[in-house]
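Everything quoted here is computed from the prediction, not taken from an experiment. Just so you know, ligand 1 is whichever comes first in the structure, and atom 1 is the first atom listed for that ligand. All residue numbers refer to positions in the sequence shown, counting from 1.
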Amino acid sequence: METIRPASRLAGVRYEIRGPLARRAAELERQGFEILKLNIGNPAAFGFRAPEALRRALVEGLPQAEGYVHQKGIFPAREAVAFQQQERGAHHVSADDVFIGNGVSELVLLTLGALLDPGDEVLLPSPDYPLWTAATTLHGGRPVHYPCRPEDGWVPDVAALAERITPRTRALVVISPNNPTGAVYPREVVEKLAALAEERGLIVLSDEIYDGITYDGAEHVPIAPLVTRTLCATFGGISKVHRACGYRVGWVSFSGEKRGAREYLLALDTLASLRLCANVPGQSVVQAALGERSIRELVEPGGRLWQTRAALALGVRHSRHLSLVVPRGALYAFVRCAASGFDDQGFALELLEKRHVLVTPGSGFNVPYRDHFRLTLLPDEATMGEVLRRIEEQLES
Ligand code: PLP
């Protein structure tokens, strides 16, 4: 039979978090090995439960969830998101400006799909959450990465970012709290990003899916209230803060200057219509989720995420090879290894084969260097200690 070639527009599309290493891990598991998988931020896989209020809302909503609903999502869910955004100070947001999707992931694909023409440029952080780069490439856009460096606490270098703006730049992607670095951008940086986007007429795409996950008093600063002269899209969801990623629910709300965005928002509505609607049972929990705060117990001193993060920081301090900017938010750490000859891909493969630990190589996050890897903070403290012990053993060998 003739070889079936995939579409050539997929040639540059990568998502290593679930790539060849993850496939090899699954193979080892099938052979009976127990693999400590720290490659994915999937709370349920580490014993976290969705809050009871969400589970009850899901069950209560089920009888009404058998039909298609509006392509933008059910009204109570959109209204709840609009209220949240208004309370945060976002400008001109109503339920009509909110789209509910099958997770933020689907909305990233739809918002970029409705926006980009071939060759249009999108400014993305490096390191980034690789879906953003993949979705830009998939839709014919050109990803342009701006540096976020460890010596700056992984916060964007706004001057370097400004230098990368060209007449083809359409949008600026901001991810704070950040995956993979755990950076939480301070107010003055968020203000500078908003001012730059307004000055240069860029659409702001702000991924705030980790908005409730910050440590040691770090403050999440939403960008929407600072953006009035251009369009701002804020993405959020229940996958992380509410530990309910399997429900597949996320949202995007549009604020700021919408007069020039009418056609774009109609195009987005068309794309949303093509997939009919987002999964309906999941939508019935949004209202309950937005009034629910149990994440705080997990991130405060003594809480499970806080403890694991402390165990990681301690392990790295004792390591002969590793260094880390301790994450201030989100569910990950982006760890550097200074061992001579270290190569992130080779290391991750050996760590998997020999020590049965799965991490994601840093190069999967669109960085030009190969001396980092990412792991999630979701395991318990003891498991994190064990993982660091195996990593150190591997590096010593
Ligand atoms: N954005 C960021 C920064 C993420 O880390 C993730 C998932 O890890 C997503 C979006 C996707 O989230 P969802 O489960 O809502 O599709």
Inset, instruction - State if Ser105 counts as touching ligand 1 under the rule of any non-hydrogen atom under 4.0 Å. - result: yes
Inset, instruction - Taking only Lys NZ, Arg NE, NH1 and NH2, and the carboxylate oxygens of Asp or Glu, determine whether Glu393 and Arg390 approach each other closer than 4.0 Å. - result: no
Legend entry - contact_flag Tyr332 ligand 1 heavy-atom lt 4.0 Å: yes
Inset, instruction - Indicate yes or no: does an N/O atom of Val104 lie under 3.5 Å from an N/O atom of ligand 1? - result: yes
Inset, instruction - Pick, from Glu208, Lys240, Arg248, the option with the minimum heavy-atom distance to atom 8 (O) of ligand 1. - result: Lys240
Legend entry - Donor + acceptor pair across side chains of Thr360, Glu16 (<3.5 Å): no
Inset, instruction - State which residue, out of Arg355, Arg389, His321, fulfils the side-chain hydrogen bond (donor to acceptor under 3.5 Å, both in side chains) condition with Gln394. - result: Arg355
Inset, instruction - Can you pull out the closest protein heavy atom to atom 9 (C) of ligand 1? Residue, atom name and distance to 0.1 Å, please. - result: Tyr129 CE2, 3.6 Å
Legend entry - Shortest protein contact, atom 2 (C) of ligand 1 (heavy atom only): Asp207 OD2, 3.3 Å
Inset, instruction - Mind checking whether Phe235 contacts ligand 1 via backbone (N, CA, C, O), side chain (CB onward), both or neither, at a 4.0 Å heavy-atom cut-off? - result: neither
Inset, instruction - Return yes if a side-chain donor-acceptor contact under 3.5 Å exists between Asp207 and Trp132, otherwise no. - result: yes
Legend entry - Ser239 near ligand 1 by a heavy-atom separation under 4.0 Å: yes
